[in-house]
Number of protein chains: 2
Amino acid sequence: MSESPVPHEPPIYRRIADGLRARIHAGELRDGDRLPGENALMAEYAIARATARQALAVLINEGLAVPKRGSGVYVRQFKPIRRHGARRLSREQWGQGRAIWDADARGRPFTVDRVEVALERAAEDVARVLDSDQVWVRRRRYLVDARPVQLATSYFPAHLVEGSAITLTDTGPGGVYARLAELGVPPAHFTEEVRARMPNPRESNLLDLPGGTPVIVIARTAYASDGRPVELNEMILDSAAYVLQYDFDA
Amino acid sequence: MSESPVPHEPPIYRRIADGLRARIHAGELRDGDRLPGENALMAEYAIARATARQALAVLINEGLAVPKRGSGVYVRQFKPIRRHGARRLSREQWGQGRAIWDADARGRPFTVDRVEVALERAAEDVARVLDSDQVWVRRRRYLVDARPVQLATSYFPAHLVEGSAITLTDTGPGGVYARLAELGVPPAHFTEEVRARMPNPRESNLLDLPGGTPVIVIARTAYASDGRPVELNEMILDSAAYVLQYDFDA
DNA sequence: GAGTGGTCTAGACCACCCC
DNA sequence: GGGTGGTCTAGACCACTCT
């Protein structure tokens with residue numbers, strides 16, 4: 001009496017989404033092209049409005065499409081910035097009056113935004129890494145082509161950087177790494193921890209992220225040659241704007 | 001006559017989602033706890049079913065919650081595997097009969113699954129990187145604690161590895177890197193390119209990903225000491241299962 | 001069997017964009 | 001002004017889970 005277990009057909013909204021996705025990957029729908037809208041899908045497939053919305057939501061949540069109010073849903077593009085790991089932190093770059101970020105924008109103009117500098121009580125995990133309860137915190141946002149692409153928060157042990165330009169909005173030529181060198185603790189070693197997740201609402205807002213865009217989180221710890229941690233930098237990157245590159249020998 | 005531009009209240013479904021998110025971050029709702037379901041939200045806020053669903057969908061798409069059919073919506077956890085970049089590829093590890101992956105599971109048992117080996121015509125980008133039209137392709141899936149965590153596809157120039165154990169399902173002790181060494185082209189340099197995006201349906205299936213989980217994509221190219229590329233390995237990682245770590249000196 | 005999430009219909013009003 | 005996506009209601013049937 002048992003029914004043979006037939007593999008279920010996917011629901012309509014999935015089949016519609018699959019069809020649109022295939023057309024995107026086939027190049028039939030290209031970067032910036034307008035997808036069939038809710039009304040078009042309702043007519044074409046004889047479905048209710050909510051079902052058409054559901055199909056489009058799939059592609060939006062996959063990051064393949066972006067909705068524009070009052071206009072339509074459009075195919076999305078991916079033109080990333082290449083961020084180099086090891087190389088970009090080499091001594092040549094921060095030893096000669098150049099800020100690290102220079103290397104990232106690769107000739108494209110970039111700006112810094114929403115700079116905040118404050119002395120704060122360290123959160124538990126920050127305190128553990130830096131071995132310090134009080135920290136100077138530097139927050140800022142980076143933009144390329146007027147588009148926000150990264151949020152960054154740097155933490156420094158308070159006792160280490162007190163009185164230096166690191167506690168000022170303008171850190172001077174060479175940035176914080178040049179200042180750390182002047183303090184006798186030039187960074188000698190870096191550890192970067194990288195993960196990815198969906199953004200929280202604050203990050204989504206500050207980075208102006210459309211739905212379906214994950215963020216890459218990089219926690220970079222800089223150590224002086226004696227092994228003391230001198231900076232913890234947490235970076236939140238728009239994953240649609242970045243490719244990370246790491247080079248190393250066997 | 002102009003209305004002063006009042007900042008709009010967020011829609012109900014957003015406010016409900018914000019409330020639940022706050023309770024999760026406050027620790028009031030913890031890993032694995034059950035969230036209020038659709039019916040509970042309908043009653044509590046006097047809203048329609050679709051609106052309650054929409055609120056829960058926000059958290060699901062953020063990767064903070066996982067729906068279980070017929071049961072409820074649950075708070076999600078993040079217990080990652082630590083994958084080391086530079087260090088894990090050091091000569092000590094692949095020079096002595098140990099496969100690379102050993103280092104990743106950190107003592108936890110791991111298994112390999114769905115191994116496929118084939119000679120194929122290279123896709124355009126693969127052909128460009130490896131400078132070869134014909135490639136041997138090795139596909140497999142990695143599982144930790146019986147849970148799929150990574151898909152990997154390795155490409156080798158066909159003329160280079162023809163006749164070696166790299167073209168067999170079982171590559172022997174030390175894995176493909178030991179075989180490349182025997183062929184006179186031990187990997188001397190690696191480049192890893194890292195990005196993050198939402199998974200496509202195939203990846204979502206093979207990795208058994210709940211909604212709101214991005215994947216990390218690593219494209220690793222291995223070069224012999226003469227600069228020739230000898231392997232291109234594309235890895236698709238469940239972002240909820242991994243933290244990448246890269247160490248380097250200034 | 002009762003409760004849960006998954007899918008779907010058929011409406012409605014709104015803000016926004018483009019013509 | 002007409003079309004678009006954004007939000008919301010009030011229903012319905014289904015498959016699945018738990019007990």
Side-chain angles (χ1 to χ4, degrees), chain A residues 2-20 32-61 64-76 201 204-205 208-212, chain B residues 2-20 32-61 64-76 201 204-205 208-212:
Chain A
S2 70
E3 308 275 345
S4 73
V6 174
H8 268 45
E9 262 192 346
I12 300 178
Y13 80 93
R14 278 231 147 262
R15 294 209 301 272
I16 296 173
D18 291 347
L20 293 174
D33 280 359
R34 188 173 179 284
L35 292 174
E38 298 176 2
N39 294 331
L41 293 177
M42 288 170 70
E44 182 178 356
Y45 295 93
I47 54 174
R49 183 183 181 81
T51 307
R53 280 183 67 73
Q54 209 174 356
L56 292 171
V58 169
L59 301 179
I60 291 167
N61 281 327
L64 286 178
V66 182
K68 296 210 189 306
R69 305 175 71 131
S71 172
V73 179
Y74 296 86
V75 178
R76 190 182 186 183
S204 203
N205 253 309
D208 194 22
L209 298 176
Chain B
S2 70
E3 308 277 343
S4 73
V6 173
H8 268 43
E9 262 191 348
I12 299 179
Y13 81 93
R14 278 231 147 261
R15 295 209 301 271
I16 295 173
D18 292 347
L20 292 174
D33 281 359
R34 188 172 178 285
L35 292 174
E38 299 177 359
N39 295 331
L41 293 177
M42 287 169 71
E44 183 179 354
Y45 294 94
I47 54 175
R49 184 183 181 79
T51 307
R53 281 183 68 72
Q54 209 173 356
L56 292 171
V58 169
L59 301 179
I60 291 167
N61 282 327
L64 286 177
V66 181
K68 295 210 188 304
R69 308 175 68 129
S71 172
V73 180
Y74 297 85
V75 178
R76 186 172 189 195
S204 203
N205 253 308
D208 194 23
L209 298 176

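All values below come from the heavy atoms of this structure, side chains included, with hydrogens, waters and symmetry mates left out. Throughout, protein chains are lettered first and strands after them, A, B, ... in sequence-line order, and every chain is numbered starting at 1. Just so it is clear, the model here is predicted, and its values are computed rather than measured.
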Participant: If you look only at distance, which donor and acceptor atoms sit under 3.5 Å apart when one is on a side chain in residues 42-59 of chain A and the other is two or more places apart or in another chain?
Facilitator:
from	atom 1	to	atom 2	distance (Å)
A:Arg49	NH2	A:Glu38	OE1	3.0
A:Arg53	NH1	A:Glu38	OE2	2.6

Participant: Rounded to the Å, how far apart are B:Asn39 CG and C:dG6 C1'?
Facilitator: 13 Å
Participant: Applying a 4.0 Å non-hydrogen cut-off, can you work out what A:Ile12 is touching in the nucleic acid: base, sugar-phosphate, or nothing?
Facilitator: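 Result for A:Ile12 = sugar-phosphate.
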Participant: Please report, rounded to the nearest Å, how far the C1' atom of C:dG3 is from the OH atom of B:Tyr74.
Facilitator: 11 Å
Participant: Sequence neighbours excluded, which residues qualify as side-chain hydrogen bond (donor to acceptor under 3.5 Å, both in side chains) partners of A:Ser204?
Facilitator: none
Participant: Do any side-chain nitrogens or oxygens of A:Tyr13 fall under 4.0 Å of OP1 or OP2 in C:dC8?
Facilitator: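 Answer is no, no contact under 4.0 Å.
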Participant: On a heavy-atom basis, which atom in B:Tyr74 and which in B:Ser71 lie closest, and how many Å separate them?
Facilitator: OH-OG, 2.5 Å
Participant: Contact list please: residues 40-53 of chain B against DNA chain C, heavy atoms, distance less than 4.0 Å, in numerical order.
Facilitator: B:Arg49, B:Arg53
Participant: Please give me the minimum heavy-atom distance between B:Arg34 and B:Gly72, naming the atom from each residue.
Facilitator: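 Between these two residues, the closest heavy atoms are NE-CA, 3.9 Å.
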Participant: Just how far, in rounded Å, is P of D:dC18 from CZ of B:Arg34?
Facilitator: 11 Å
Participant: Among the nucleotides C:dG6, C:dC8, D:dT7, which one has an atom lying closest to any side-chain atom of B:Pro67?
Facilitator: C:dG6
Participant: Using whole Å, report how far CZ of A:Arg15 lies from P of C:dT7.
Facilitator: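 So the two atoms are 12 Å apart, to the nearest Å.
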Participant: Can you name the residues that form a salt bridge (Lys or Arg N to Asp or Glu O under 4.0 Å) with B:Asp208, not counting sequence neighbours?
Facilitator: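 In terms of salt bridge (Lys or Arg N to Asp or Glu O under 4.0 Å), with neighbours along the sequence ignored, B:Asp208 is linked to no residue.
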Participant: Who passes side-chain contact (heavy atoms from CB on, under 4.5 Å) against A:Pro67, sequence neighbours left out?
Facilitator: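 Here the qualifying residues are A:Ile60, A:Val73.
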Participant: Could you give the NZ-to-C1' distance, from B:Lys68 to D:dC16, as a whole number of Å?
Facilitator: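 In whole Å, D:dC16 C1' and B:Lys68 NZ are 13 Å from each other.
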Participant: Nearest whole Å is fine: how far is C:dA15 C1' from A:Glu38 CD?
Facilitator: 14 Å
Participant: Compile the donor-acceptor pairs under 3.5 Å between side chains in residues 10-17 of chain B and protein atoms, sequence neighbours left out, one pair per line.
Facilitator:
from	atom 1	to	atom 2	distance (Å)
B:Arg15	NH1	B:Glu9	OE1	3.4
B:Arg15	NH1	B:Pro10	O	2.8

Participant: Rounding to a whole Å, what distance do you find between A:Ile60:CD1 and D:dT4:P?
Facilitator: 15 Å
Participant: Indicate, with a heavy-atom threshold strictly under 4.0 Å, whether B:Arg14 touches base, sugar-phosphate, or nothing.
Facilitator: nothing
Participant: Out of C:dG6, C:dC8, C:dA15, which has the shortest distance to the side chain of A:Arg69?
Facilitator: C:dA15
